[in-house]
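Have a look at the structure below, then the notes.
Below, each value reflects all heavy atoms present in this structure, side chains not excepted, and no hydrogens, waters or symmetry copies. In this chain, numbering begins with 1 at the start of the sequence shown.
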Amino acid sequence: MNKLWTMLISVLLLVACGDKKQSEDTTRSMYYWQTTFRLDSVERAFLRQHNVEKLYVRYFDVTPDDEMHLMPNATTAFIDTVPKGIEVVPVVFIVNRFGSGSIEHIADKMFRRILQMNETHDIRNVREIQIDCDWTMTTQKRYFSMLRRMRDLCRKHGLTLSATIRLHQLSLEAPPVDKGTLMMYNTGDVTQLSVHKPILDMKDVQPYLHSLSKYKLTLNIAYPLFTWRVLFREGKYVGIMHGDDDLPVFQGDSIVTRRPELSDIMAARQAIDSLRPEANNEVILYHLSNKNINRFTPEDYENIYQQH
C-alpha cells in the first residue's frame, strides 16, 4: 500500500511539474513582412521545428493622401496557404502622415479590407489585428482617434487590437489598444557610416528602458533577425540595398553589412527579463525568410525563444 501511495504521489508531482512547465512556455511568433506570401520547405520546417504558433503577416500599407483618403499600397498576394494550426495576425502599416481631416473612417475601410482578405484567402484562424505606425507627438491625437474606432470594430467582432511600440514612444502616452509589441530594433542611425550596429545596439536601447517597467500597456517583444546592406558614396549614405541591382554602384562606393549578432539579441532579451519579464511571454522574431532563419543554429533559436 505504501509503495502504491508513493507511485501515485510521484505521478501527481510529474503532472504538476508538466503543467507548470507548459504554463511558463513562451508563445513563439514571427513576422512575415513580404509582398508575396509563399513559404518554401526551409521556412515551413523552421515553423514546425520551433513550434511557432503565430504569424504576424503584413497585409498592406496605408498612405493617407491630403484629404485623408485610404490609399492602400503593396498589398500582400497570398500565393501559398498558412500552415495548419498557426494563428494569423493581420498587420497594417500606416505611414505617419495625417492632415487636418477626420481619420476615423480610415479604420472602417481598413477593417473591411482585412475581413475581405481573410475571406478571399480562406484565412480563418484570426483573433487579433495589429496596426504599425511610427507616430509622434504631432500626430498622436489623430492617430489615437483612429485606433479607438478600430478597437471598437475589433471588439464587435471578438478580436483583439494591438499596436507596435517604438522605443522612443515608451515615454509617451500608451495608445488606446489592447496590447502592444515593443520593437527592439532600428535603434541607431543607419545613415551614419560610423554607426556599426544601427539595427540593435544596447547602448542605444538603454536610455529608453527606464520607462519600460511603468509603461501602461500589456507588451510582447519583437527581436530582429534581418540584415541590411547599406550603400555609402564618399562616406555619405545612399540607401539600403534590398537586391543587387536596387541602386547604382560606382567605383569607390562602399557596401557595408549591418546585422544583429546572437549576443545582441540575447542581451536585449535579458534586459527585458530584468525589467518586464512578462513581456517575454510572447517572443516575435522579425522576420520569416530563408535568408534570415539560416543565420543561427536551431539551438540558438531555442535559446532566444525559451523562458530563462
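A salt bridge (charged side-chain N to carboxylate O under 4.0 Å, His left out) check over residues 33-49, counting only residues at least two apart or in different chains, returns the pairs Arg44-Asp80.
No option in Phe93, Phe78, Phe111 other than Phe78 meets the ring pair (Phe, Tyr, Trp, His ring centres under 6.0 Å) test with Tyr59.
Counting only heavy atoms from C-beta outward, the side chains of Lys216 and Lys214 never approach each other to under 4.5 Å.
Judged by distance alone, the side chains of Asp134 and Asn96 never bring a donor and an acceptor atom under 3.5 Å apart.
A search for side-chain hydrogen bond (donor to acceptor under 3.5 Å, both in side chains) contacts involving Asn51 returns nothing, not counting sequence neighbours. For Lys197, the side-chain hydrogen bond (donor to acceptor under 3.5 Å, both in side chains) partners are Asp264, not counting sequence neighbours.
Between Tyr31 and Tyr56, the two ring planes are tilted [angle within 30° to 60°]. Ring geometry for Tyr286 against Trp33 counts as tilted: the plane angle lies between 30° and 60°, on a 0 to 90° scale.
Note that NZ of Lys179 and CG of Asn220 are 5.5 Å apart. Values are rounded to the nearest 0.5 Å.
The main-chain N or O of Glu87 is never found under 3.5 Å from a side-chain atom of Arg127 such that the two would form a donor-acceptor pair.
Taking the centre of each ring, Tyr32 and Phe37 come in below the 6.0 Å mark.
Across all non-hydrogen atoms, the minimal contact from Leu115 to His157 is CD1-NE2, 4.1 Å.
Both the sub-6.0 Å distance and the 45° axial angle are not jointly satisfied by Arg259 relative to the ring of Phe226.
Residue-environment remark: OH (Tyr208) stays at or below the threshold of 12 foreign heavy atoms within 6.0 Å.
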